[in-house]
Chemist: 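One structure, pasted below without further comment.
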Amino acid sequence: MTTFLPFNRPHLTGRELEYVRQAAERAHLSGDGAFTRLCHAWLEDRIGCHRALLTHSGTAALEMCAILADLRAGDEVVMPSFTFVSTANAFVLRGATPVFVDIDPDTLTIDESAAAEAVGPRTRAIVVVHYAGVPCRMRELRGLARGKGVLLIEDAAQALGSTYDGLPVGSFGELAATSFHETKNIISGEGGALLVNDQAFAERAEIVREKGTDRSRFLKGQVDKYTWVDIGSSFLPSEIMAAFLWAQMEDADRITTERLRIWDAYNARCASLEQRGLLRRPVVPSGCGHNAHMFYVLLRDEQLRARVIAGLAAEGINAVFHYVPLHSSPAGARFGRAAGPMTVTDAASSRLVRLPLWFGMTDAHVDRVVSALEHLLA
Ligand SMILES: *Cc1c(COP(=O)(O)O)cnc(C)c1O
């Protein structure tokens, strides 16, 4: 009997429950207590951002970006179609129109020349997604956004710990969002953070996160009562979640190192399959440091992919695919539009398989997955 090999298995460092207990004993269970402050300081130090603010999800952090961008109906936001729904939905909630562009065939991140062509008079922001933890070409994208006078927003949900030109991902846009969902590298079940690099957004970000009130200024003693001053919502997580997350942050380097070890093992084991033309491995451009969020392979076509996923499942191996391109999803077609051809997006969407990758996977596990893959492709 072969044992089941899941696609994802959440890793606990061992101190999560102790910190949750401490949070409970301090009798501060709502947000912005001692554990939240530790997490904020850690993110500000690691990313070098002006301000980091925990949120209850990556989706919430993206929704905060959209509020802070002050978008109105008819405003356009340029973004890849090959991404998770929240990248677009956050902006649609503000009445803006996502303008979808194609991706680069090597990294599957936004194609900057397609983005440049899609920027028009109504464009207010470009949202980039560091897919699989591999950074987008930030020098070109930064230059594009500056040249056009639009905001650059990073969806770094998958990319905490990745670097571009030696600088942390999440430090390039005026605003960035990351996620601590249980499928990401550093986790708190659900969870996320807004990263504010442009100081001009910091005060409003605190207000938006606290239901549109100036409660943060009140707690700092800057105003003598707090009141409703802007739109906002309850975007902050409880101390219970922050306590759990702090245990993960303390071990972040070990988690990344371990994931990179597994990613490198996959990459080495799949090299000969690539040489034989049976699959394509992920491409990490030089100058980019990735966080081993995901190991995927691209197969010849959709029929083969279906056979491979079914064949792996028969061996007890859980491999998955994504995304339905947003431009061809029902809501994407209703609320957004495609700016040009989506050739690479459509091809990746039909050919990509994500292999199991989680802290604690052994070389034998990797071997088992790649051997099964080899057998199915032979
Ligand atoms: C996971 C993810 C999100 C959403 O994060 P949640 O914490 O699940 O809300 C957004 N964008 C991308 C690219 C993601 O991978």
Side-chain angles (χ1 to χ4, degrees), residues 7-8 10 31 39 43 52-67 69 77-93 98 100-101 103-104 107-110 125-136 138 141 152-162 169-170 172-173 175-195 209 233-238 241-242 244-245 248-249 259 282 290-296 320-327 329 331-332 336 345 348-349 352 354 357-358:
F7 170 70
N8 182 54
C39 294
L43 284 166
L53 293 168
L54 291 192
T55 55
H56 50 71
S57 66
T59 299
L62 287 164
E63 288 173 11
M64 287 185 69
C65 290
I67 293 175
V77 180
V78 171
M79 63 180 68
S81 174
F82 191 69
T83 181
F84 185 64
V85 294
S86 296
T87 315
N89 188 71
F91 296 90
V92 169
L93 281 173
F100 299 116
V101 298
I103 46 173
D104 174 83
T107 59
L108 312 186
T109 60
I110 192 165
I126 299 170
V127 183
V128 303
V129 180
H130 305 292
Y131 177 69
V134 176
C136 303
M138 295 314 291
L141 290 159
L152 182 65
I153 298 172
E154 296 176 73
D155 181 339
Q158 302 179 4
L160 196 64
S162 299
V169 157
F172 293 90
L175 299 166
T178 195
S179 167
F180 305 114
H181 185 264
E182 91 167 29
T183 53
K184 307 301 201 264
N185 293 16
I186 307 294
I187 60 173
S188 56
E190 303 283 351
L194 173 75
L195 309 170
R209 181 168 166 270
S233 189
S234 184
F235 285 117
L236 69 169
S238 78
M241 206 155 105
F244 190 103
L245 182 60
Q248 295 268 316
M249 285 180 170
R259 293 185 73 100
H290 74 105
N291 65 351
H293 174 61
M294 190 194 299
F295 191 86
Y296 66 82
V320 299
F321 66 87
H322 70 183
Y323 296 107
V324 175
L326 296 186
H327 73 276
S329 67
T345 299
S349 167
L352 186 136
R354 304 162 66 194
L357 200 172
W358 34 268

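Counting starts at 1 for both ligands and their atoms, following the listed order.
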Chemist: Exactly which residues line ligand 1, taking a heavy atom under 4.0 Å from it as the test?
Modeler: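 Residue list for ligand 1: S57, G58, T59, L62, T83, F84, T87, V129, D155, A157, Q158, S179, H181, K184, G191.
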
Chemist: Rounded to the nearest 0.5 Å, how far does CG of L326 lie from OG1 of T345?
Modeler: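 It is 9.5 Å, given to the nearest 0.5 Å.
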
Chemist: Which word best sums up how the rings of Y323 and Y131 line up, parallel for under 30°, tilted for 30 to 60°, or perpendicular for over 60°?
Modeler: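 Perpendicular: the ring planes of Y323 and Y131 meet at over 60°.
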
Chemist: Once you round to the nearest 0.5 Å, how far does CG of L108 lie from CE of M294?
Modeler: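 It comes to 9.5 Å.
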
Chemist: If we only count heavy atoms from C-beta on, is the V129 to I103 side-chain gap below 4.5 Å?
Modeler: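 Contact flag for V129/I103 side chains = no.
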
Chemist: Determine, using ring centers only, whether H322 and Y296 are less than 6.0 Å apart.
Modeler: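 Ring centroids of Y296 and H322 are no less than 6.0 Å from each other.
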
Chemist: Given 3.5 Å as the limit, does a donor-acceptor pair link the side chain of R209 with the main chain of T55, or not?
Modeler: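 Absent.
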
